[in-house]
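Accompanying notes for the structure given below.
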Amino acid sequence: MSEAVPNATQDCAKITADSYSGKGVGKEGTKTRADFSKYIPFAEKACEFLTQSTDPFLAVKTCSDALDAAGFVKLSKREPFGGKLVPGGSYYYTVNHSTLVAFTVGAKFKAGNGFKIIGGHTDSPHLKVKPFSKRAGAGCVQLGVECYGGGLWHTWFDRDLGISGRVLVRTNDADTRKEKIEQRIVRIARPIARVSTLCIHLQTAEERGAFKVNKEEHLSPILGTKTLLESGVKAQINRPPEDEDPWASGQEPELMRLIASELGIDTKQIANFELGLFDCQPALLGGIKNEFLNSARLDNLATCFVALESILDYSKSADKDQDDMVSMIALFDHEEIGSQSTHGAGSPVMSEAVSRVTAAFSDNSHSRDPELHSSATRRSFVLSVDQAHAVHPNYQGKHEKNHGPKMNAGVVIKTNQNQRYATNGVTGFVARELARKAEQSVALQEFVVRSDCPCGTTIGPIISANTGIRTVDLGMPQLSMHSCRETMGVADLTNGLNLFNSFFKNFNEIDEMLEG
């Protein structure tokens with residue numbers, strides 16, 4: 001997606017063909033490198049996506065740019081879809097600029113037919129800027145931040161941090177001259193902030209033995225020193241009273257100036273923002289044979305990337321000409337904090353997508369026939385895809401001994417009998433059949449948490465309970481989940497793509513085999 005993210009290419013480490021030539025290694029080493037080299041181009045493309053998508057807003061923008069370039073038609077979620085959709089067409093829309101729904105309509109689709117849906121999420125644990133961002137201490141200008149999600153917060157120390165997110169900008173309509181608010185996306189990919197650790201010499205023996213993070217006291221990043229920034233503070237304080245904005249007065253002036261400069265506006269035009277910090281280090285290929293992808297936000301932007309590539313591929317495929325279903329990806333915000341929001345997986349977004357597309361093809365596109373919606377729901381299927389836990393070689397006892405996924409060994413089927421995952425006997429069978437029927441080989445692995453350990457969850461049970469759509473929970477295996485920087489195998493990106501492609505192509509045939 002180099003067209004969609006032109007700035008990411010220079011950030012992402014590019015691996016040349018010479019890296020895989022095998023020069024300087026033995027014959028056996030050359031063969032191994034060649035085996036991994038076939039996965040490198042797709043992994044490099046993933047690096048670009050991951051580096052550019054520093055928060056949910058940027059992730060959705062990156063996806064939207066790629067969909068626009070591929071000819072997908074953008075829909076307004078506020079307008080009826082009736083009269084706008086045609087068989088064989090490709091469309092997308094966003095919710096809150098941080099959740100995305102994209103779909104391709106099979107050429108033979110009729111109202112009441114099913115939907116093939118790949119679900120993922122756009123958010124990851126990170127540090128979000130508080131409503132009043134101004135903070136200072138010991139001569140340093142700092143930033144007030146809040147922990148979003150369940151991060152491994154000790155990994156955020158001593159990282160070079162940039163800032164990105166959504167900014168609400170006051171402008172005037174060119175025709176009416178009335179004030180309006182624009183939503184702009186900003187990404188400042190240079191190290192403007194840093195959370196520093198306390199030196200070992202000032203730590204007690206107990207503190208040295210266990211690094212305990214107080215999320216309120218220890219995670220406020222440093223932006224600069226007061227002697228350098230105090231002129232900006234004074235300028236902010238000394239503004240005329242009639243010009244004072246209570247919200248703006250609580251912001252760090254230099255941060256406001258930086259955002260305004262990046263967007264080409266005046267600081268007075270900034271009405272509000274939703275900003276988060278990110279690690280400036282780009283996504284890179286690693287490992288002795290470049291078999292790993294190291295990046296922030298693999299959970300779950302790796303899924304978003306592969307799902308996007310799959311829907312783009314299918315939109316250009318001749319297979320859709322014989323398809324009587326809708327192929328869709330739904331990428332939700334707020335999974336890391338429970339999905340209960342206007343645009344999380346617990347919202348009406350999923351059921352609305354099915355009902356609105358169905359209604360657009362019914363005789364009366366402005367009505368929602370409950371029979372057609374129910375028929376479409378019962379014929380549909382969701383691949384709920386969230387990154388999976390690979391076995392850590394230093395902590396092998398943390399996994400159930402017969403269900404230990406490994407990196408570069410295939411996509412993982414997640415099962416939990418207490419419904420922390422939505423997989424059951426039928427939906428697990430469907431996933432295995434999809435792998436068996438895939439044109440390109442797809443390896444599958446199984447994951448079950450140990451009986452003496454708690455089990456995480458994801459969007460699968462939420463979607464299946466809210467919509468009644470059959471669901472299987474899957475994931476590509478990785479290490480260091482919820483760290484500031486994570487790692488996964490490059491082969492598993494391709495495994496995921498091949499499985500998703502098989503889903504869009506082969507699900508109809510598999511579903512016909514099933515009773516009920």
Side-chain angles (χ1 to χ4, degrees), residues 1-20 33 35-67 69-70 120-124 126 155 159-162 164 187-191 278-313 331 385 387 390 407-408 411 475-481 483-498 500:
M1 292 183 296
S2 56
E3 299 86 1
V5 285
N7 296 328
T9 303
Q10 62 189 18
D11 294 336
C12 184
K14 306 302 289 181
I15 309 298
T16 65
D18 288 344
S19 300
Y20 315 106
R33 284 176 180 265
D35 288 341
F36 276 109
S37 67
K38 66 182 179 181
Y39 304 116
I40 298 303
F42 193 55
E44 286 183 335
K45 199 172 186 181
C47 282
E48 297 180 11
F49 180 92
L50 291 159
T51 299
Q52 188 71 9
S53 304
T54 49
D55 59 56
F57 302 113
L58 266 298
V60 167
K61 182 183 184 302
T62 304
C63 290
S64 298
D65 289 344
L67 293 165
H121 66 88
T122 60
D123 62 321
S124 303
H126 65 291
T155 66
R159 294 278 183 172
D160 295 333
L161 303 176
S164 67
R187 174 176 175 269
I188 301 171
R190 64 182 182 85
F278 65 90
D279 184 3
C280 288
Q281 186 177 5
L284 300 168
L285 300 185
I288 199 166
K289 301 181 181 68
N290 293 305
E291 63 263 53
F292 300 125
L293 193 163
N294 305 324
S295 176
R297 303 173 297 281
L298 288 176
D299 174 23
N300 189 38
L301 292 188
T303 293
C304 295
F305 167 72
V306 178
L308 173 67
E309 291 297 314
S310 184
I311 197 70
L312 291 173
D313 288 349
L331 310 178
V385 190
Q387 293 290 93
M407 291 186 292
N408 285 318
V411 177
M476 294 174 284
Q478 69 165 78
L479 295 177
S480 304
M481 189 176 290
S483 172
C484 188
R485 196 161 178 85
E486 305 166 331
T487 190
M488 68 176 294
V490 295
D492 291 323
L493 290 165
T494 300
N495 284 324
L497 180 66
N498 291 340
F500 294 177

Exercise. Do you know the tightest heavy-atom contact between A43 and L285?
Worked result: CB-CD2, 3.8 Å
For this session: Please report the shortest heavy-atom distance between V490 and L293, naming the atom on each side.
Result: CG1-N, 4.0 Å
Exercise. Should Q52 and K61 be marked as a side chain to side chain contact (heavy atoms under 4.5 Å, CB included) after you check the CA-CA gap, both sets of side-chain angles, and the distance that decides it?
Worked result: CA-CA 10 Å; Q52 188 71 9; K61 182 183 184 302; over 6 Å; no
For this session: Show the numbers, then the answer: is there a side chain to side chain contact (heavy atoms under 4.5 Å, CB included) between F305 and F42?
Result: CA-CA 10 Å; F305 167 72; F42 193 55; 3.4 Å; yes
Exercise. Does some side-chain heavy atom of T303 sit less than 4.5 Å from a side-chain heavy atom of Q387?
Worked result: yes
Exercise. Are any non-hydrogen side-chain atoms of R190 and D160 less than 4.5 angstrom apart?
Worked result: no
Problem set entry | Test item: Y39 and D492 side chains (from C-beta on) under 4.5 Å apart, heavy atoms | no
Exercise. Between atom OG of S295 and atom CG of L284, what is the distance when rounded to the nearest 0.5 Å?
Worked result: 8.0 Å
Problem set entry | Over all atoms of both residues, closest heavy-atom pair of T487 and M407 | O-SD, 3.9 Å
For this session: Look only at the side chain of N408 and the backbone of A491, and say whether a donor-acceptor pair between them is shorter than 3.5 Å.
Result: yes
Exercise. Could you go step by step and tell me if F49 and L308 meet the side chain to side chain contact (heavy atoms under 4.5 Å, CB included) rule?
Worked result: CA-CA 10 Å; F49 180 92; L308 173 67; 4.1 Å; yes
Exercise. If every non-hydrogen atom of G496 is compared with every non-hydrogen atom of V306, which pair is closest and at what distance?
Worked result: C-CG1, 3.7 Å
For this session: Measure across G120 and N300 and return the closest heavy-atom pair with its distance rounded to 0.1 Å.
Result: CA-ND2, 3.6 Å
For this session: Report yes or no: does E486 contribute a side-chain atom to a donor-acceptor pair with the main-chain N or O of D299 at less than 3.5 Å?
Result: yes
Exercise. How many angstroms lie between CG in L497 and CG in L493, if you round to the nearest 0.5 Å?
Worked result: 9.0 Å
For this session: Nearest 0.5 Å please: distance from the CZ atom of F57 over to the CG atom of D123.
Result: 10.5 Å
For this session: Please report the closest heavy-atom contact between F500 and S310, naming both atoms and the distance.
Result: CB-OG, 3.3 Å
Problem set entry | Non-neighbouring partners of S164 that pass side-chain hydrogen bond (donor to acceptor under 3.5 Å, both in side chains), sequence neighbours left out | T54, D55
For this session: Check whether any side-chain heavy atom of V60 sits under 4.5 Å from a side-chain heavy atom of T122, and report yes or no.
Result: yes
For this session: Can you measure from SG (C304) to CG (L331) and round to the nearest 0.5 angstrom?
Result: 4.5 Å
For this session: Among H126, R485, R297, find the one that has a side-chain contact (heavy atoms from CB on, under 4.5 Å) with D279.
Result: R485
Exercise. How many angstroms lie between CD1 in I40 and CD in E291, if you round to the nearest 0.5 Å?
Worked result: 8.5 Å
For this session: Begin with the C-alpha distance, continue with both residues' side-chain angles, and end with the deciding distance and a verdict on side chain to side chain contact (heavy atoms under 4.5 Å, CB included) for L298 and M476.
Result: CA-CA 10 Å; L298 288 176; M476 294 174 284; over 6 Å; no
Problem set entry | Rounded distance (nearest 0.5 Å) linking atom CE of M488 with atom OG of S480 | 13.0 Å
